[in-house]
Amino acid sequence: MSCAYLARNIRWIGVLFYRPVISSTIYYTSMKKIYFLSLLCCLSVASFAQTTVTLYSTGAMNSYTTGSATSFGTRTDGAIVASASGFFTSRGYAVFDLSAIPSGTTITNCVIGFNDSAYLGTGTPAGWATYGYVGDLSTVTTAATLYADLVAGTLLTNVSYGTAVGDQTLPATLATTNFIQANNGAKVSICFTGGASRIYAIKGETGNLATTSSPNHAPYLQITYTCAGVSGVSAAVSSSPVCVGSSVTLTGGGTGTTSYSWTGPGGFTSNLQNPTFSTTATSSGVYTVMAYNASGCGTMATTTLALSATPVATVTASGPVVLCSAGTVTLTTTSTLGDTYQWSESGTAISGETNSSYTATTAGSYEVMITATDGCSATSTPTVIEVLAPHPPLTPGGTYALCIGSSVTLSIAPVGLPGVTYQWQSGGTSIAGATNTTYTTSNAGLYTNIIMAPGCNDTSAATWVNVYALPTPTVSYDPGANLLSTSSAYGTYQWYLNTVSIPGANSYTLVPPNIGSYRVVVTDVHGCHNFSGPYILNSLDVNQVAGADVNIYPNPASSTIHVASSVDLRAVIMSMEGKKILDQAAAKDIDVSSLSQGLYIVMLYNEAGERVAIQKLVKE
């Protein structure tokens, strides 16, 4: 495994440990020289000359990196048995991958540790020997070969494994240090051989918890090294203590470093040399920086960020927050010696209101900012005060005209605060179930709404609802004038022919363009509208011209129309409302250029005054 891979994947935990994403689980502990530098805005700076890594032999499940071989020619994966009893000898091993140690490092110390799960035998132990073998002995499948290889390596130490059950460590030796240095980056096997009349059962593959604080851990190597060319590694925080939510900068430094990796509380990570971030309630604690040289060898330093307690800004009202006109309510926050206060309304500071309480007399959104002696501040959640205006209006207000068969929805602006209720009344009597801000009615009456808030009731302005009958228009026809009409007392009109509205037919009279069923819809002064009954027009009063047809063209027309007839005819052009627009005798060519665009009726009369033709004209 390359040092670049290690540098990318190491994750430091707290001050003392990191775990890389590799097959062996590694914990780093910082040791040797620790320096503290106190500055005005910097809590601590620590420099580490050496780094210690704890490397376990634990492999993946069923991928054993520990095992044993006996003089009887048996081979076992997982369990480590070291013995030299009178009837058989057993030797065990644990494999370690040293590629996790950065290249270019100098190994200064190595401690071998393990956990005895069982111990048998009596008397003074003797004959112990621990060897270092270059290579992975878990790949040796022949028991006899494995048994021989377990004592074929470099003798690391003859220190006894003792007689106690539990955690054991073998003191560092020069031979062990030199063996690790010589084989840095490779796989090695540490071999355990027993003393006379003793049987040791050492936690092997089943010791799968990678922490020396647990009795169920595998053998480990505690390796201390230094990085070439790296010195003066430091970590600092821009200011401490700081307020929660404020911005801080971590500063990393060192000589011979090319990259940095920060970790800290709350899952904080950064690859910047000097990261800046906003603090939260979980930001307090120790921050660790790893400073790497070009070979990926890292040295650690730490700094501590302390957070100041943020004031608790809460507001209590002395009474209901919905006030009647001229009412008051006192808002109070917790008073702490040394704290300062500033009250505001809708985000604007209220001049002179710097006490722990404030008396509100007007509607608004009130809050208080508390500043503690260390400069940290907090702002309360807004407290909304509502002042009920006397007799608030209803919508629609005043007098409202309602037509029979229709309804109106009355409404009042909601107060928008909890505890406020509403009651609609008609003529001073409460309407059962009408307790919303809206009420729909089709009945005449005097309507009001009672607004009921904690400590204050108010009555709205009144709305008169008058109910009117619908208009009843009738249609008549004057055949001589060829004119349909209804009463001129209504406000608006719209004529229909065979249920289709006639464009522009908006007067109380109408020149019918064709036979058919005519109706008119009218609107009276109260806004009520209704249709007339149908008037069936079966014929128009027209006499035929003897011996010839009458033709008016072009149609539509924009400037001139022509009347084709065998006799002279008088032409009368009328609007759809029955207004005479033009009257021309002996009409052959008629100028219509001055007419507005729309629909007109052209009526032709003979010399006897008889109407001989009626035709619609579209003026473009």
Side-chain angles (χ1 to χ4, degrees), residues 396 399-408 442-444 464-543 552 555-557 561 570-584 590 592 594-605 609-620:
T399 300
Y400 187 82
L402 189 65
C403 305
I404 287 179
S406 301
S407 64
V408 61
S442 57
N443 298 320
W464 279 97
V465 175
N466 294 319
V467 179
Y468 295 94
L470 298 179
T472 56
T474 59
V475 175
S476 61
Y477 176 63
D478 180 356
N482 188 38
L483 195 66
L484 294 169
S485 64
T486 188
S487 171
S488 62
Y490 300 118
T492 65
Y493 304 84
Q494 176 61 60
W495 289 88
Y496 288 77
L497 172 58
N498 298 329
T499 73
V500 178
S501 64
I502 303 172
N506 306 122
S507 175
Y508 72 95
T509 61
L510 174 70
V511 177
N514 290 303
I515 62 174
S517 175
Y518 286 87
R519 300 178 73 193
V520 64
V521 60
V522 299
T523 304
D524 65 14
V525 294
H526 304 299
C528 299
H529 58 270
N530 197 16
F531 274 95
S532 68
Y535 185 91
I536 308 300
L537 187 61
N538 294 315
S539 64
L540 299 175
D541 188 11
V542 176
N543 294 322
I552 299 174
N555 193 3
I561 60 174
R570 171 172 158 256
V572 175
I573 298 179
M574 303 186 71
S575 68
M576 294 301 295
E577 293 82 6
K579 181 181 179 181
K580 182 184 293 187
I581 305 298
L582 181 147
D583 191 335
Q584 181 176 327
I590 304 173
V592 295
S594 62
L595 301 184
S596 300
Q597 293 180 347
L599 186 64
Y600 295 86
I601 300 297
V602 179
M603 292 183 290
L604 299 176
Y605 297 87
E610 298 172 327
R611 186 165 53 222
V612 297
I614 297 176
Q615 187 170 327
K616 288 185 296 184
L617 170 68
V618 177
K619 170 61 170 61
E620 293 182 330

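When all heavy atoms are compared, the tightest approach of Ala401 to Tyr468 is CB-CE1, 3.7 Å. Residue Ile581 comes nearest to Ser575 through the heavy atom pair CG1-N, 3.7 Å, listed as atom of the first residue, atom of the second, then distance. The minimum heavy-atom distance linking Val475 with Gly533 is given by the pair CG2-O, 4.5 Å. Across all non-hydrogen atoms, the minimal contact from Asn555 to Ile552 is CB-O, 4.4 Å. Closest approach of Pro473 and Thr486 over heavy atoms only: CB-OG1, 3.8 Å.
In this structure, Val572 and Arg570 have side chains that are in contact, with non-hydrogen atoms separated by less than 4.5 Å. Looking at Pro471 and Cys528, their side chains come closer than 4.5 Å, going by heavy atoms from C-beta outward. The closest side-chain heavy-atom distance from Asn466 to Leu402 is not below 4.5 Å. In this structure, Arg611 and Leu604 have side chains that are not in contact, with every pair of non-hydrogen atoms separated by 4.5 Å or more. The shortest distance between side-chain heavy atoms of Val467 and Ile404 falls below 4.5 Å.
Under the side chain to side chain donor-acceptor pair (under 3.5 Å) criterion, Ser594 pairs with no residue at all, not counting sequence neighbours.
Screening residues 464-497 for disulfide bond (SG atoms under 2.5 Å apart), with sequence neighbours left out, gives no hits. Pairs of residues two or more places apart, or lying in two chains, that qualify as ring pair (Phe, Tyr, Trp, His ring centres under 6.0 Å) and include a residue from residues 483-519 are Tyr496-Phe531.
With hydrogens and angles ignored, the 3.5 Å screen pairs no side-chain donor or acceptor of Gln494 with any backbone N or O of Gly504.
Between Ser485 atom OG and Leu510 atom CG the span is 10.0 Å, to the nearest 0.5 Å. To the nearest 0.5 Å, atom SG of residue Cys403 and atom CG of residue Leu470 are 6.0 Å apart. The distance from the CG atom of Asn506 to the OG1 atom of Thr492 is 8.5 Å, given to the nearest 0.5 Å. Taking CG of Asp583 as the start and CE of Met603 as the end, the distance is 9.5 Å to the nearest 0.5 Å. Between Leu617 atom CG and Met574 atom CE the span is 14.0 Å, to the nearest 0.5 Å.
Looking only at atom types and distance, the side chain of Ser532 has no donor-acceptor partner in the side chain of Thr474 under 3.5 Å away.
Partner of Pro512 under the side chain to side chain contact (heavy atoms under 4.5 Å, CB included) criterion, chosen from Leu483, Ile601, Ile614, Leu537: Leu537.
Other residues, nucleotides and ligands contribute over 12 non-hydrogen atoms within 6.0 Å of the NE2 atom of His526.
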(message) Could you go through Leu599 and Val618, starting from their C-alpha distance and side-chain angles, then the distance that decides it, and tell me whether this counts as side-chain contact (heavy atoms from CB on, under 4.5 Å)?
(response) CA-CA 5 Å; Leu599 186 64; Val618 177; 4.0 Å; yes

(request) Using the side-chain contact (heavy atoms from CB on, under 4.5 Å) rule, take His529 and Asp524 through it: C-alpha gap first, then chi angles, then the decisive distance, then the call. (result) CA-CA 6 Å; His529 58 270; Asp524 65 14; over 6 Å; no

